[in-house]
Amino acid sequence: MKTAIVPTRAENYPEWYQQVIKAADLAENSEVRGCMVIKPWGYTIWENIQKNLDEMFKDTGHVNAYFPLFIPKSYFEKEAEHVEGFAKECAVVTHSRLEDDGNGGLKPAGKLTEELIVRPTSETIIGASFSKWVNSYRDLPLLVNQWANVVRWEMRTRLFLRTAEFLWQEGHTVHESKKCALEETFKMLDVYAEFAEKYLAMPVIKGEKTASERFPGALQTFSIEAMMQDKKALQSGTSHFLGQNFAKASNIKFQSKEGKEELAWTTSWGVSTRLIGALIMAHSDDDGLVLPPKIAPKHIAIIPIYRDDEQRKIVMNFIDEMVTKIKEQRYDEKKIRFEIDDRDLRGGEKIWNWIKKGVPIRLEIGARDIENNSVFMGRRDKAAKDKTSLNVDEFINSLPNILDEIQNNIFQKALKFRRDNTFKIDDKAEFYKFFTAKNNNEIHGGFANSHWCGSSACEEKIKDDLKVTIRNIPQDAKKEDGNCICCGNKSKKRVIFAKAY
RNA sequence: CGGGAUGUAGCCUAGUUCGGCUUAGGGCGCCGCAUUUGGGAUGCGGAGAUCGGAGGUUCGAAUCCUCUCAUCCCGACCA
């Protein structure tokens with residue numbers, strides 16, 4: 001059978017991923033090394049992610065603000081672990097001007113007295129502001145978010161998953177107690193999990209990161225982890241309890257009710273354009289992108305089918321009438337997003353175009369449909385050739401239901417995939433076998449729910465042997481006596497082991 | 001930052017070993033016309049390349065030499 005994407009997932013998963021992005025026109029590599037150009041179809045997905053998440057942030061009491069792209073080196077140096085974690089991947093601005101180099105080119109001039117770092121994350125620069133903003137317990141909690149770009153100078157990059165510059169959102173909050181800060185950390189982890197499952201239709205596991213995977217400078221890091229279709233894990237969002245480390249570094253202090261000067265407690269949390277990569281790998285198939293309706297740039301692609309100008313008029317009139325009614329419908333409390341594709345291309349080509357772009361609903365409308373006052377509908381959650389004829393009014397009235405159904409089907413499918421590929425493994429040999437491919441391109445492994453004694457030596461050993469890491473310690477893990485999958489020592493609970501992006 | 005490789009049109013690529021038979025050939029894509037049109041069309045025609053850059057050897061260089069720039073792959077690192 002011919003697939004729209006070559007190679008298929010089974011043949012070569014990484015190449016398939018690239019081809020899906022290309023076929024859906026989501027993004028392309030830029031001339032600038034490691035950076036990507038996000039094209040309109042991809043960027044609209046990001047806008048829809050932003051819109052919905054932003055609303056969730058506002059609903060939990062957060063406000064948006066914007067802080068500088070440049071961080072003075074001295075700010076950055078204040079938190080030792082933070083420096084250690086990010087130092088190797090920072091872009092540094094050293095000059096402020098360009099001068100003629102005498103060879104027809106330019107050379108940097110105007111050396112800065114203090115070098116500036118292009119933010120890889122903004123804890124330190126936001127902390128500098130926060131220290132001024134926070135004086136009293138009455139100023140707390142301070143709940144701020146910013147939508148921004150950040151730069152991390154990565155060696156190996158992949159569109160959406162890892163690029164030198166990426167777009168994200170970083171929340172930064174200040175609290176008067178450890179308890180309040182921890183509550184915030186968990187609250188935002190919950191927001192991320194809810195967003196991933198409700199909007200991206202992507203089931204995630206909430207849990208705590210081990211020490212080795214912790215955000216540099218954090219006391220505790222929590223993540224949501226999703227399973228991709230190659231059975232690898234993708235960290236899709238993180239929420240950090242920063243304790244008083246950054247408050248100390250940035251001098252964020254307040255006077256308590258009792259009149260005592262106290263060091264504040266902070267959190268930070270973020271998701272990035274990586275979510276688009278997650279979306280692609282969680283749902284797409286060998287015919288291209290599959291988008292959950294809630295974040296799809298368009299819900300419906302309407303494809304008029306006609307032979308000549310006369311027919312065209314009739315078809316377009318019919319569509320115009322239908323569209324007026326579609327405009328009155330609402331899905332997820334928002335307008336229905338549709339596009340009439342009247343490009344001068346062959347019908348089949350257009351249809352495949354929209355399949356590859358992942359549009360949830362395709363409508364083909366030609367003379368036959370007009371005769372019956374019906375539409376010919378294809379759904380992206382079904383096979384490409386599985387199409388049904390529906391009465392126009394019936395279609396329009398059930399539109400929100402159809403979209404809900406697609407959203408839900410996509411989620412259930414991803415959930416089933418994760419269930420089918422998650423195993424409790426208690427035997428070391430079995431564990432090693434589980435994570436060893438029989439041949440090169442084979443998709444293997446999955447999530448191993450196994451016991452871990454808590455030692456970083458065991459974690460390291462597994463990583464060296466199998467390239468498998470502890471994705472997180474699930475929040476809902478029950479207390480259970482067992483033996484560490486690596487050393488056999490006593491363990492109190494199971495963690496998620498998997499290969500990861 | 002270590003090891004390997006490659007640069008020919010928007011993309012993929014032939015030619016490079018052994019310099020001349022090439023006005024640098026083909027495919028995809030693009031443009032035009034015709035026939036088509038309810039599942040990725042076909043035919044004909046057309047535009048598009050100073051062969052990564054600089055220098056050299058030669059009657060003659062995509063091809064040989066020197067330098068240079070860029071990119072990719074494999075390792076260490078990572079949302």
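Note that the structure is a prediction, hence the values are computed from the model and not measured. Each chain gets a letter, A, B and so on, in the order the sequences are listed, and its residues count up from 1.
- Among the nucleotides B:G38, B:C77, B:A79, the one closest to any side-chain atom of A:Phe376 is B:G38.
- Rounded to a whole Å, the CZ atom of A:Arg307 is 17 Å from the C1' atom of B:A34.
- As rounded to whole Å, 6 Å separates atom P of B:C77 from atom NZ of A:Lys463.
- Atom C1' of nucleotide B:C74 and atom CZ of A:Arg158 are separated by 15 Å, given to the nearest angstrom.
- Counting atom types as modelled, A:Asn353 pairs no side-chain N or O with a base atom of B:G40 as donor and acceptor under 3.5 Å.
- In this structure, A:Gln229 contributes its side chain and A:Ser284 its backbone to a donor-acceptor pair below 3.5 Å.
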Protein-nucleic acid N or O pairs under 3.5 Å, nucleotides 3-9 of chain B:
none

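- Only the P atoms considered, B:A62 is 15 Å distant from B:U8, to the nearest whole Å.
- Comparing B:G38, B:G40, B:A79 against the side chain of A:Lys356 picks out B:G40 as the nearest.
- Atoms CD (A:Glu349) and C1' (B:G38) sit 15 Å apart, rounded to a whole Å.
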Pair up each side-chain donor or acceptor in residues 469-476 of chain A with any protein partner under 3.5 Å, not counting sequence neighbours, and list the distances.
from: A:Thr469; atom 1: OG1; to: A:Arg471; atom 2: NH1; distance (Å): 2.6
from: A:Arg471; atom 1: NE; to: A:Glu225; atom 2: OE1; distance (Å): 3.3
from: A:Asn472; atom 1: ND2; to: A:Ile205; atom 2: O; distance (Å): 3.2
from: A:Asn472; atom 1: ND2; to: A:Ser223; atom 2: O; distance (Å): 3.4
from: A:Asn472; atom 1: ND2; to: A:Ser223; atom 2: OG; distance (Å): 3.2

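- Here, B:A14 and B:U63 have their C1' atoms 13 Å apart, quoted to the whole Å.
- Note on A:Asp309 versus A:Lys313: no salt bridge recorded, every NZ/NE/NH1/NH2 to OD/OE distance being 4.0 Å or above.
- Within the 4.0 angstrom heavy-atom criterion, base atoms lie near A:Gly366.
- Between the side chains of A:Thr221 and A:His240, a donor-acceptor pair is found at a separation under 3.5 Å.
- For A:Asp286 and B:G40, the CG to C1' distance is 16 Å, given to the nearest whole Å.
- A:Thr469 comes within 4.0 angstrom of no nucleic acid atom, judged by non-hydrogen atoms across all strands.
- With both ends at atom P, the span from B:C30 to B:C72 equals 27 Å, rounded to whole Å.
- Contacts of A:Lys209 with the nucleic acid, taken as non-hydrogen atoms under 4.0 Å apart, are absent.
- Comparing B:A70 with B:A54, their C1' atoms sit 14 Å apart, to the nearest whole Å.
- Both geometric conditions, a ring-centre gap below 5.5 Å and a plane tilt below 30°, are not fulfilled together for A:Trp168 over the base of B:A79.
- For A:His283 (side chain) and A:Leu200 (main-chain N/O), a donor-acceptor pair under 3.5 Å exists by modelled atom type.
- Distances from the side chain of A:Asp369 to the nucleotides B:A79, B:G38, B:G75 place B:G38 closest.
- Residue contacts for A:Phe215: at a heavy-atom cut-off of 4.0 Å it reaches no nucleic acid atom on any strand shown.
- Considering only side-chain atoms of A:Ala367, the nucleotide from B:A79, B:G38, B:G40 that sits closest is B:G38.
- For the pair A:Glu225 CD and B:A79 C1', the computed distance is 11 Å after rounding to whole Å.
- Comparing B:G10 with B:G55, their P atoms sit 23 Å apart, to the nearest whole Å.
- The residues A:Lys387 and A:Glu364 are annotated as salt-bridged, a charged nitrogen and a carboxylate oxygen being separated by less than 4.0 angstrom.
- The pair A:Arg312-A:Asp342 meets the salt-bridge criterion, since a charged nitrogen lies less than 4.0 angstrom from a carboxylate oxygen.
- To the nearest whole angstrom, the two C1' atoms, one in B:G46 and one in B:C21, are 28 Å apart.
- Side-chain nitrogen and oxygen atoms of A:Arg346 include at least one within less than 4.0 Å of the OP1 or OP2 phosphate oxygen of B:A41.
- To the nearest angstrom, C1' of B:G38 lies 16 Å from CG of A:Leu345.
- Between A:Trp269 and A:Phe57, the distance separating the two ring centers is shorter than 6.0 angstrom.
- B:A9 and B:G27 have their C1' atoms separated by 13 Å, given to the nearest Å.
- The side chain of A:Ala4 lies closest to B:G40, out of B:G38, B:G40, B:C77.
- Note on A:Ile355: a base of the nucleic acid sits closer than 4.0 angstrom, heavy atoms only.
- Residue A:Arg152 places its side chain closer to B:A79 than to any other of B:C77, B:G38, B:A79.
- Between the side chains of A:Ser239 and A:Thr185, no donor-acceptor pair is found at a separation under 3.5 Å.
- Within the nucleic acid shown, A:Glu364 comes within 4.0 Å of at least one base atom, counting heavy atoms only.
- For the side-chain contact (heavy atoms from CB on, under 4.5 Å) with A:Trp168, the lone residue among A:Val271, A:Leu275, A:Val150, A:Thr273 that qualifies is A:Val150.
- Rounded to whole Å, the separation between the C1' atoms of B:G48 and B:G25 comes to 15 Å.
- Atom CE in A:Met188 sits roughly 20 Å away from atom P in B:A79 (whole-Å rounding).
- Residue contacts shown for A:Tyr501 are absent, as no nucleic acid heavy atom lies under 4.0 Å away.
- In this structure, A:Lys39 contributes its side chain and A:Glu28 its backbone to no donor-acceptor pair below 3.5 Å.
- Salt bridge annotation for A:Asp230-A:Arg9: absent, with no cationic side-chain nitrogen under 4.0 angstrom from a carboxylate oxygen.
- The residue A:Thr238 sits apart from the nucleic acid: no heavy atom pair falls under 4.0 Å.
- Across all strands shown, A:Leu161 has heavy atoms under 4.0 Å from base atoms, whether or not it also approaches the sugar-phosphate.
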Completion exercise
Its dot-bracket string being built from Watson-Crick and G-U pairs below 3.5 Å, with | for another strand and [ ] for crossing, RNA chain B has the pattern (((((((..((((......[....)))).((((((.....)))))).....(((((..]....))))))))))))....
